[in-house]
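So the structure is just underneath, and the comments pick up after that.
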Amino acid sequence: MKRIGVLTSGGDAPGMNAALRAAVRTGLSHDMEVYGIRHGYEGLLDGEIDRMNWSSVGEILHRGGTILRTARSKRFMEPEWQDKAVKILETFGIEGLVVIGGNGSFQGGLALAERGISVMGVPGTIDNDLGYTDYTIGFDTAVNTVLDIISKIRDTSTSHERATVIEVMGRHCGDIALHAGLGGGADGILIPEIELDVKQLCMDVLKGQNAGKGHSLIIKAEGVDITTDELVKTLEDVTGRETRAVILGHIQRGGSPSQRDRMLASITAAKAVQLLYNDNSSKAVGVSGGELVAYDLKEALEMTRDFDRRLYDLAVTLS
Ligand code: F6P
(Lines give C-alpha, C1' and ligand atoms only; values in the text may rest on other atoms or scores of the structure.)
Protein backbone atom coordinates (compact mmCIF):
# COMPACT_ATOMS: atom_id res chain seq x y z
CA MET A 1 0.00 0.00 0.00
CA LYS A 2 1.48 3.33 -1.03
CA ARG A 3 -1.02 5.97 0.01
CA ILE A 4 -2.88 6.13 3.31
CA GLY A 5 -5.10 8.60 5.14
CA VAL A 6 -5.47 9.35 8.83
CA LEU A 7 -8.30 11.04 10.71
CA THR A 8 -9.40 11.71 14.28
CA SER A 9 -13.10 11.38 14.98
CA GLY A 10 -15.67 11.69 17.79
CA GLY A 11 -14.81 13.19 21.17
CA ASP A 12 -11.17 14.27 21.32
CA ALA A 13 -8.82 12.58 23.78
CA PRO A 14 -5.36 13.50 25.11
CA GLY A 15 -2.88 11.45 23.09
CA MET A 16 -4.67 11.72 19.74
CA ASN A 17 -1.86 13.97 18.52
CA ALA A 18 0.73 11.45 19.67
CA ALA A 19 -1.14 8.78 17.69
CA LEU A 20 -1.28 11.02 14.62
CA ARG A 21 2.46 11.70 14.86
CA ALA A 22 3.20 7.97 15.10
CA ALA A 23 0.89 7.15 12.16
CA VAL A 24 2.38 9.81 9.89
CA ARG A 25 6.02 9.11 10.73
CA THR A 26 5.64 5.32 10.55
CA GLY A 27 4.01 5.71 7.14
CA LEU A 28 6.78 8.01 5.90
CA SER A 29 9.46 5.68 7.19
CA HIS A 30 7.84 2.92 5.05
CA ASP A 31 7.94 5.25 2.01
CA MET A 32 4.17 5.68 2.04
CA GLU A 33 2.37 8.90 1.21
CA VAL A 34 0.29 10.00 4.19
CA TYR A 35 -2.75 12.27 3.99
CA GLY A 36 -4.34 13.98 6.98
CA ILE A 37 -8.13 14.32 6.86
CA ARG A 38 -9.44 17.27 8.87
CA HIS A 39 -12.67 17.22 10.94
CA GLY A 40 -13.06 13.43 10.90
CA TYR A 41 -15.63 11.88 8.55
CA GLU A 42 -17.27 15.26 8.10
CA GLY A 43 -14.08 16.63 6.57
CA LEU A 44 -13.63 13.48 4.50
CA LEU A 45 -17.01 14.16 2.87
CA ASP A 46 -15.93 17.74 2.19
CA GLY A 47 -12.55 16.66 0.77
CA GLU A 48 -10.54 18.35 3.56
CA ILE A 49 -7.51 16.21 2.75
CA ASP A 50 -3.86 17.34 2.82
CA ARG A 51 -0.56 15.59 2.30
CA MET A 52 1.47 15.38 5.49
CA ASN A 53 5.20 15.33 5.98
CA TRP A 54 7.58 14.72 8.88
CA SER A 55 7.33 18.27 10.19
CA SER A 56 3.51 18.46 9.87
CA VAL A 57 3.44 16.45 13.09
CA GLY A 58 6.38 18.16 14.83
CA GLU A 59 5.84 19.62 18.32
CA ILE A 60 2.49 17.90 18.85
CA LEU A 61 3.44 14.84 20.92
CA HIS A 62 2.81 16.69 24.18
CA ARG A 63 -0.29 18.59 23.09
CA GLY A 64 -3.85 17.72 24.07
CA GLY A 65 -6.71 17.85 21.55
CA THR A 66 -6.12 16.98 17.91
CA ILE A 67 -4.44 19.22 15.34
CA LEU A 68 -6.57 17.51 12.66
CA ARG A 69 -9.67 18.67 14.57
CA THR A 70 -12.57 16.29 15.04
CA ALA A 71 -16.32 16.06 14.55
CA ARG A 72 -19.31 13.82 15.10
CA SER A 73 -20.68 13.50 11.58
CA LYS A 74 -24.42 12.88 11.24
CA ARG A 75 -24.17 12.78 7.44
CA PHE A 76 -21.66 9.98 7.53
CA MET A 77 -24.17 7.67 9.24
CA GLU A 78 -26.15 7.52 5.97
CA PRO A 79 -25.17 4.78 3.45
CA GLU A 80 -25.22 7.20 0.50
CA TRP A 81 -22.65 9.44 2.20
CA GLN A 82 -20.55 6.41 3.07
CA ASP A 83 -20.55 5.51 -0.66
CA LYS A 84 -19.54 9.08 -1.41
CA ALA A 85 -16.68 8.87 1.11
CA VAL A 86 -15.30 5.83 -0.69
CA LYS A 87 -15.40 7.72 -4.01
CA ILE A 88 -13.53 10.64 -2.45
CA LEU A 89 -10.86 8.33 -1.03
CA GLU A 90 -10.55 6.68 -4.46
CA THR A 91 -10.18 10.08 -6.12
CA PHE A 92 -7.23 10.78 -3.83
CA GLY A 93 -5.86 7.27 -4.42
CA ILE A 94 -6.08 6.52 -0.70
CA GLU A 95 -6.29 2.75 -0.18
CA GLY A 96 -5.99 2.55 3.59
CA LEU A 97 -7.29 4.65 6.45
CA VAL A 98 -6.21 5.00 10.07
CA VAL A 99 -9.17 5.98 12.24
CA ILE A 100 -8.26 7.36 15.67
CA GLY A 101 -11.43 7.43 17.76
CA GLY A 102 -13.92 5.47 19.82
CA ASN A 103 -16.82 3.13 19.19
CA GLY A 104 -18.84 5.38 16.85
CA SER A 105 -15.73 6.20 14.83
CA PHE A 106 -14.90 2.51 14.48
CA GLN A 107 -18.49 1.82 13.33
CA GLY A 108 -17.93 4.45 10.64
CA GLY A 109 -14.66 2.75 9.75
CA LEU A 110 -16.46 -0.57 9.43
CA ALA A 111 -18.87 0.97 6.91
CA LEU A 112 -15.86 1.95 4.78
CA ALA A 113 -14.19 -1.45 5.32
CA GLU A 114 -17.35 -3.14 4.00
CA ARG A 115 -16.96 -0.99 0.88
CA GLY A 116 -13.41 -2.15 0.22
CA ILE A 117 -11.23 0.37 2.08
CA SER A 118 -8.65 -1.06 4.50
CA VAL A 119 -9.37 0.54 7.84
CA MET A 120 -7.24 0.37 10.99
CA GLY A 121 -8.84 1.45 14.24
CA VAL A 122 -6.65 3.12 16.87
CA PRO A 123 -8.54 3.43 20.20
CA GLY A 124 -8.78 7.14 21.04
CA THR A 125 -11.38 7.99 23.70
CA ILE A 126 -11.25 8.94 27.36
CA ASP A 127 -14.15 6.56 28.06
CA ASN A 128 -12.17 3.26 28.01
CA ASP A 129 -15.29 1.60 26.64
CA LEU A 130 -13.92 -0.50 23.77
CA GLY A 131 -14.28 -4.17 24.68
CA TYR A 132 -11.29 -5.51 22.73
CA THR A 133 -8.61 -3.39 24.42
CA ASP A 134 -7.72 -3.02 28.10
CA TYR A 135 -7.03 0.69 27.70
CA THR A 136 -7.87 3.48 25.29
CA ILE A 137 -5.77 6.55 24.50
CA GLY A 138 -6.77 9.46 26.76
CA PHE A 139 -8.20 7.40 29.60
CA ASP A 140 -5.11 7.59 31.80
CA THR A 141 -4.79 11.36 31.38
CA ALA A 142 -8.50 11.86 32.10
CA VAL A 143 -8.25 9.78 35.29
CA ASN A 144 -5.22 11.82 36.40
CA THR A 145 -7.13 15.04 35.73
CA VAL A 146 -9.99 13.76 37.89
CA LEU A 147 -7.54 12.74 40.64
CA ASP A 148 -6.03 16.22 40.66
CA ILE A 149 -9.48 17.75 41.06
CA ILE A 150 -10.48 15.27 43.77
CA SER A 151 -7.50 16.50 45.82
CA LYS A 152 -8.62 20.09 45.42
CA ILE A 153 -12.22 19.33 46.26
CA ARG A 154 -11.09 17.32 49.27
CA ASP A 155 -9.46 20.49 50.67
CA THR A 156 -12.57 22.64 50.50
CA SER A 157 -14.89 19.77 51.39
CA THR A 158 -12.88 19.13 54.56
CA SER A 159 -12.80 22.81 55.52
CA HIS A 160 -16.57 23.09 55.24
CA GLU A 161 -17.30 19.57 56.49
CA ARG A 162 -19.42 18.95 53.42
CA ALA A 163 -20.23 16.07 51.13
CA THR A 164 -19.42 16.54 47.44
CA VAL A 165 -20.72 14.54 44.50
CA ILE A 166 -18.27 14.70 41.60
CA GLU A 167 -19.77 13.70 38.25
CA VAL A 168 -17.31 12.36 35.69
CA MET A 169 -17.62 11.42 32.02
CA GLY A 170 -17.48 7.96 30.47
CA ARG A 171 -20.79 7.66 28.65
CA HIS A 172 -22.10 4.15 29.56
CA CYS A 173 -18.79 3.03 31.05
CA GLY A 174 -17.82 3.54 34.70
CA ASP A 175 -14.05 3.14 34.30
CA ILE A 176 -13.13 6.81 34.81
CA ALA A 177 -15.20 6.89 38.00
CA LEU A 178 -13.91 3.55 39.25
CA HIS A 179 -10.21 4.22 38.63
CA ALA A 180 -10.31 7.81 39.90
CA GLY A 181 -12.51 6.77 42.82
CA LEU A 182 -10.09 4.05 43.89
CA GLY A 183 -7.01 6.23 43.38
CA GLY A 184 -8.62 9.23 45.05
CA GLY A 185 -10.03 7.38 48.06
CA ALA A 186 -13.66 8.25 47.32
CA ASP A 187 -16.23 7.33 49.97
CA GLY A 188 -18.70 6.24 47.32
CA ILE A 189 -18.34 5.20 43.68
CA LEU A 190 -21.45 5.13 41.50
CA ILE A 191 -21.07 3.46 38.12
CA PRO A 192 -23.53 2.12 35.53
CA GLU A 193 -22.14 -1.43 35.90
CA ILE A 194 -23.38 -1.66 39.52
CA GLU A 195 -27.03 -1.24 40.40
CA LEU A 196 -27.67 2.08 42.09
CA ASP A 197 -28.54 1.84 45.79
CA VAL A 198 -29.07 5.38 47.07
CA LYS A 199 -30.22 4.13 50.48
CA GLN A 200 -26.98 2.24 50.98
CA LEU A 201 -24.95 5.26 49.85
CA CYS A 202 -26.74 7.48 52.38
CA MET A 203 -26.09 4.89 55.10
CA ASP A 204 -22.39 4.76 54.19
CA VAL A 205 -22.12 8.54 54.34
CA LEU A 206 -23.90 8.60 57.71
CA LYS A 207 -21.65 5.82 58.99
CA GLY A 208 -18.58 7.89 58.02
CA GLN A 209 -20.08 10.95 59.68
CA ASN A 210 -20.82 9.06 62.90
CA ALA A 211 -17.26 7.73 62.91
CA GLY A 212 -16.01 11.35 62.85
CA LYS A 213 -15.25 11.70 59.16
CA GLY A 214 -15.15 15.40 58.34
CA HIS A 215 -16.30 15.17 54.74
CA SER A 216 -17.56 12.76 52.07
CA LEU A 217 -16.49 12.48 48.44
CA ILE A 218 -18.72 10.58 46.05
CA ILE A 219 -17.65 9.94 42.47
CA LYS A 220 -20.56 9.40 40.11
CA ALA A 221 -20.23 8.33 36.48
CA GLU A 222 -22.45 10.28 34.07
CA GLY A 223 -24.06 7.01 32.89
CA VAL A 224 -25.66 6.32 36.30
CA ASP A 225 -29.42 6.49 36.28
CA ILE A 226 -29.96 9.47 38.58
CA THR A 227 -29.16 13.12 38.02
CA THR A 228 -26.40 14.59 40.15
CA ASP A 229 -28.79 17.28 41.44
CA GLU A 230 -31.32 14.65 42.55
CA LEU A 231 -28.59 12.71 44.31
CA VAL A 232 -27.28 15.80 46.09
CA LYS A 233 -30.77 16.64 47.30
CA THR A 234 -31.40 13.12 48.61
CA LEU A 235 -28.01 12.99 50.36
CA GLU A 236 -28.61 16.34 52.02
CA ASP A 237 -32.15 15.39 53.10
CA VAL A 238 -31.16 12.01 54.52
CA THR A 239 -27.76 12.77 56.07
CA GLY A 240 -28.31 16.39 57.08
CA ARG A 241 -24.85 17.19 55.73
CA GLU A 242 -24.45 20.14 53.40
CA THR A 243 -23.76 18.67 49.96
CA ARG A 244 -22.40 20.17 46.74
CA ALA A 245 -22.30 18.97 43.14
CA VAL A 246 -19.30 19.31 40.85
CA ILE A 247 -19.83 18.29 37.24
CA LEU A 248 -16.37 18.06 35.74
CA GLY A 249 -17.37 18.02 32.06
CA HIS A 250 -14.92 18.69 29.25
CA ILE A 251 -11.99 19.55 31.48
CA GLN A 252 -11.48 15.76 31.46
CA ARG A 253 -10.86 15.78 27.72
CA GLY A 254 -8.09 18.38 27.72
CA GLY A 255 -4.49 18.64 28.81
CA SER A 256 -1.12 17.25 27.91
CA PRO A 257 -1.26 13.44 27.62
CA SER A 258 0.34 11.32 30.33
CA GLN A 259 3.32 9.13 29.49
CA ARG A 260 1.03 6.07 29.46
CA ASP A 261 -1.22 7.69 26.88
CA ARG A 262 1.72 8.86 24.73
CA MET A 263 3.11 5.35 24.83
CA LEU A 264 -0.21 3.66 24.03
CA ALA A 265 -0.84 6.15 21.21
CA SER A 266 2.62 5.67 19.71
CA ILE A 267 2.65 1.89 19.74
CA THR A 268 -0.93 1.34 18.55
CA ALA A 269 -0.79 3.91 15.73
CA ALA A 270 2.61 2.68 14.55
CA LYS A 271 1.26 -0.88 14.54
CA ALA A 272 -1.84 0.21 12.60
CA VAL A 273 0.33 1.64 9.83
CA GLN A 274 2.65 -1.38 9.78
CA LEU A 275 -0.44 -3.56 9.34
CA LEU A 276 -1.62 -1.42 6.43
CA TYR A 277 1.82 -1.73 4.90
CA ASN A 278 1.87 -5.52 5.16
CA ASP A 279 -1.74 -6.57 4.99
CA ASN A 280 -5.02 -5.28 3.65
CA SER A 281 -7.62 -6.57 6.08
CA SER A 282 -9.27 -4.08 8.42
CA LYS A 283 -8.35 -4.33 12.07
CA ALA A 284 -8.59 -2.67 15.46
CA VAL A 285 -5.33 -2.29 17.38
CA GLY A 286 -5.11 -2.22 21.17
CA VAL A 287 -3.53 -3.81 24.21
CA SER A 288 -4.63 -6.88 26.10
CA GLY A 289 -2.85 -8.31 29.14
CA GLY A 290 0.11 -6.04 28.44
CA GLU A 291 0.46 -7.26 24.83
CA LEU A 292 -0.12 -5.31 21.64
CA VAL A 293 -3.09 -6.91 19.83
CA ALA A 294 -4.91 -6.49 16.51
CA TYR A 295 -8.32 -8.02 15.92
CA ASP A 296 -10.53 -8.09 12.88
CA LEU A 297 -12.38 -4.74 13.01
CA LYS A 298 -15.89 -6.22 13.01
CA GLU A 299 -15.00 -8.83 15.62
CA ALA A 300 -13.32 -6.20 17.80
CA LEU A 301 -16.51 -4.14 17.80
CA GLU A 302 -18.49 -7.17 18.97
CA MET A 303 -16.11 -7.97 21.84
CA THR A 304 -17.08 -7.11 25.40
CA ARG A 305 -14.76 -6.75 28.38
CA ASP A 306 -15.82 -8.25 31.71
CA PHE A 307 -16.43 -5.64 34.36
CA ASP A 308 -13.64 -5.72 36.95
CA ARG A 309 -15.79 -6.46 39.97
CA ARG A 310 -12.76 -7.15 42.17
CA LEU A 311 -11.44 -3.63 41.61
CA TYR A 312 -14.82 -2.19 42.59
CA ASP A 313 -15.03 -4.38 45.70
CA LEU A 314 -11.52 -3.31 46.69
CA ALA A 315 -12.44 0.35 46.33
CA VAL A 316 -15.48 -0.20 48.56
CA THR A 317 -13.44 -2.11 51.16
CA LEU A 318 -10.78 0.60 51.32
CA SER A 319 -13.14 3.58 51.44
O1 F6P B 1 -16.86 9.96 24.37
C2 F6P B 1 -16.21 10.97 25.06
C3 F6P B 1 -17.17 11.85 25.81
O4 F6P B 1 -16.43 12.84 26.49
C5 F6P B 1 -18.11 11.15 26.77
O6 F6P B 1 -17.50 10.81 27.98
C7 F6P B 1 -19.21 12.16 26.91
O8 F6P B 1 -20.43 11.54 27.26
C9 F6P B 1 -19.29 12.74 25.52
O10 F6P B 1 -18.03 12.49 24.89
C11 F6P B 1 -19.58 14.22 25.47
O12 F6P B 1 -19.68 14.58 24.13
P13 F6P B 1 -19.68 16.09 23.59
O14 F6P B 1 -18.28 16.61 23.71
O15 F6P B 1 -20.10 15.95 22.17
O16 F6P B 1 -20.62 16.84 24.47
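One-based numbering, in listed order, for ligands and for the atoms of each.
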- Query: Going by distance only, is there an N or O of Gly170 that falls short of 3.5 Å from an N or O of ligand 1?
  - Reply: yes
- Query: Tell me: protein heavy atom nearest atom 15 (O) of ligand 1, and distance?
  - Reply: Arg72 NE, 3.0 Å
- Which atom pair, heavy atoms only, marks the closest approach of Ile176 to Val143? CA-CG2, 4.2 Å
- Message: Within 45 degrees of the ring normal and closer than 6.0 Å to the centroid, is that where the cationic atom of Arg75 sits relative to Tyr41?
- Response: no
- Message: Quick one about Asp187 and Ser319 (side-chain donor to acceptor, distance below 3.5 Å, no hydrogens or angles considered), yes or no?
- Response: no
- Please state which protein non-hydrogen atom is closest to atom 1 (O) of ligand 1 and give its distance, to 0.1 Å? Asp127 OD2, 2.6 Å
- Task: Please confirm whether the backbone N or O of Leu147 pairs with a side-chain atom of Ser151, one donor and one acceptor, at under 3.5 Å?
- Result: yes
- Task: Check the side chains of Thr227 and Glu230 for a donor-acceptor pair under 3.5 angstrom, ignoring hydrogens and angles.
- Result: yes
- Message: Among all protein heavy atoms in this structure, tell me which lies nearest to atom 3 (C) of ligand 1, with the distance rounded to 0.1 Å.
- Response: Arg253 NH1, 3.4 Å
- Query: Which one of His250, Gln252, Arg171 has a non-hydrogen atom at the shortest distance from atom 16 (O) of ligand 1?
  - Reply: His250
- Quick one: nearest non-hydrogen protein atom to atom 8 (O) of ligand 1, plus distance? Glu222 OE2, 2.5 Å
